[in-house]
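Each chain gets a letter, A, B and so on, in the order its sequence line appears, and its residues count up from 1.
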2 protein chains.
Amino acid sequence: MTQTRPYHHGNLRQAVLDRAAVVLRERGAAGLSLRELSADVGVSHAAPRRHFADRQALLDAVAADGFARLGTRLREAVDAHPRYADRLRAAATAYLDFGLTEANLVELMFAHQRGAGGAQVRQGATDAFEPLLDVFRHGRQEGVVADGDAERLGLLLVATVQGITNLVACGVVPAAEAGALLDAAVGRFPGAGA
Amino acid sequence: MTQTRPYHHGNLRQAVLDRAAVVLRERGAAGLSLRELSADVGVSHAAPRRHFADRQALLDAVAADGFARLGTRLREAVDAHPRYADRLRAAATAYLDFGLTEANLVELMFAHQRGAGGAQVRQGATDAFEPLLDVFRHGRQEGVVADGDAERLGLLLVATVQGITNLVACGVVPAAEAGALLDAAVGRFPGAGA
DNA sequence: ACCTGAACACCGTTCAAGT
DNA sequence: ACCTGAACACCGTTCAAGT
């Protein structure tokens, strides 16, 4: 029977990040408060300072986490299919799904990176998009993508799907139309079939 | 010689919006504070309440203003050219220019609309994009756009350019590459030429 | 090494009161 | 009608102090 211990669990950093993910989903990035997260997690308001230098550092960590998760999803989607056209569609669909179910997270991930931690977030983004570039590199081997076009097509796919996600998230396009819009967009890429 | 008047100028609402535009450019939406704007404009911190019910209402008004300005730019770009292909390129370029010079504003405009004022902002967005739909309606008359594709192509153009703007704003794509990426994107639209 | 608790300067929001 | 000034409950950030 130990008395209520004044010190916290082994991994305060992860506990704060986990709680932040929940609050982010419910109320968006503007609703993330270090003081509230600290209280939720049962620690004094200044405790997270050991793990996050300031509020922006917490947001950066959440964003970097988001890109890591997105990258994993994209990799899984691409690896699930052997052929270029299927990989393209699967990757685009996985991205849109992620954007629709995690709208607040994606908004945070793609927010303007102002602080010192921006470099880390940008690197996370670049890594996450690597599977998409691989799709077009693979397409080049199949002969449907021209030499030297892989990177540009990859960025164009990211931009297009991100744009659709953004339009849905901000309410300009109904979520029900997102799929049709994505099909039309993907269909315009080289070698996508019909 | 009147003494220092306790009351403010004729249009506090516009004065606050003007000052908000400056602060937004310098520090982003997170840096907008009703108290600071009030002080900047020489009024008590509670005075803007007559014109903006709360902070979100101010952000909504700034966003709606932004869409109105974007709509004007797009209309001018489209009207400057008689032919479909030129209109398409001019509109896309005008959008990207706006996004690069007003990155913080665009981020605010396309942020998730949570409150009651969201409907007003969404309507502003829809109105602003109207010139782009007109481009494709015009393309249908020239015979390069298929029947019933105008709206979908318009949303696709918005999504694509918005996505490129977003990637540049968050630092994933260097601003210097944005033009080439936009050219590649626009060139994939029907009837855009080479 | 990790956390607490007080302190400071800021917020948004509300509301009675002034002119 | 429009604005002020005090009040309240929140913030982020800093820092001496505890274990």
Atom pair OG1/CD of A:Thr165 and A:Glu102 - distance to nearest 0.5 Å
12.0 Å
Parallel, tilted or perpendicular: which fits the ring planes of B:Phe129 and B:Phe110, with parallel below 30° and perpendicular above 60°?
parallel
Greater than 12 external heavy atoms within 6.0 Å of B:Glu151's CD:
no
Rounded to whole angstroms, how far apart are NE2 on B:His51 and C1' on D:dC2?
7 Å
Starting from the 5' end of DNA chain D, give me the residue, A:Leu32 or A:Arg50, whose nearest nucleotide shows up first.
A:Leu32
Between A:Arg49 and D:dT14, is there a side-chain N or O to OP1/OP2 distance below 4.0 Å?
yes
Taking only nitrogen or oxygen atoms into account, show me every contact under 3.5 Å that the protein makes with nucleotides 5-10 of chain D, one pair per line with its distance.
{"from": "D:dA6", "atom 1": "N6", "to": "B:His45", "atom 2": "NE2", "distance (Å)": "2.9"}

dist A:Asp127:CG -> A:Arg75:CZ (nearest 0.5 Å) comes out at 10.5 Å
Single-linkage hydrophobic cluster A:Leu133~A:Leu88, side-chain heavy atoms < 4.5 angstrom:
no
From CZ of A:Phe52 over to P of D:dG12, roughly how many Å is that when rounded to an integer?
13 Å
In whole angstrom, what separates B:Leu34's CG from C:dT14's P?
12 Å
Interatomic distance where CG belongs to A:Asn11 and P belongs to C:dC2 [whole Å]:
10 Å
Name all stems that contain residues of DNA chain D, defined as runs of 3 or more consecutive Watson-Crick or G-U wobble pairs, both distances under 3.5 Å.
C:4-8 with D:12-16, C:12-16 with D:4-8
Rounded distance (nearest 0.5 Å) linking atom OG1 of B:Thr93 with atom CG of B:Asp183
7.0 Å
Apply side chain to side chain contact (heavy atoms under 4.5 Å, CB included) to A:Phe52 and A:Leu17, showing your working.
CA-CA 10 Å; A:Phe52 308 103; A:Leu17 284 177; 3.9 Å; yes
Measuring only between side-chain heavy atoms, which start at C-beta, is B:Val106 closer than 4.5 Å to B:Gln162?
yes
Give the rounded distance in Å between these two atoms: CG of A:Asp54 and P of D:dC11.
17 Å
Measure CG/A:Leu37 against C1'/D:dC11 and give the value in whole Å, please.
12 Å
The reported gap from CD in A:Glu26 to CG in A:Leu32 (rounded to nearest 0.5 angstrom) is 10.5 Å
In whole angstroms, how far is the C1' atom of D:dC11 from the CZ atom of A:Arg55?
10 Å
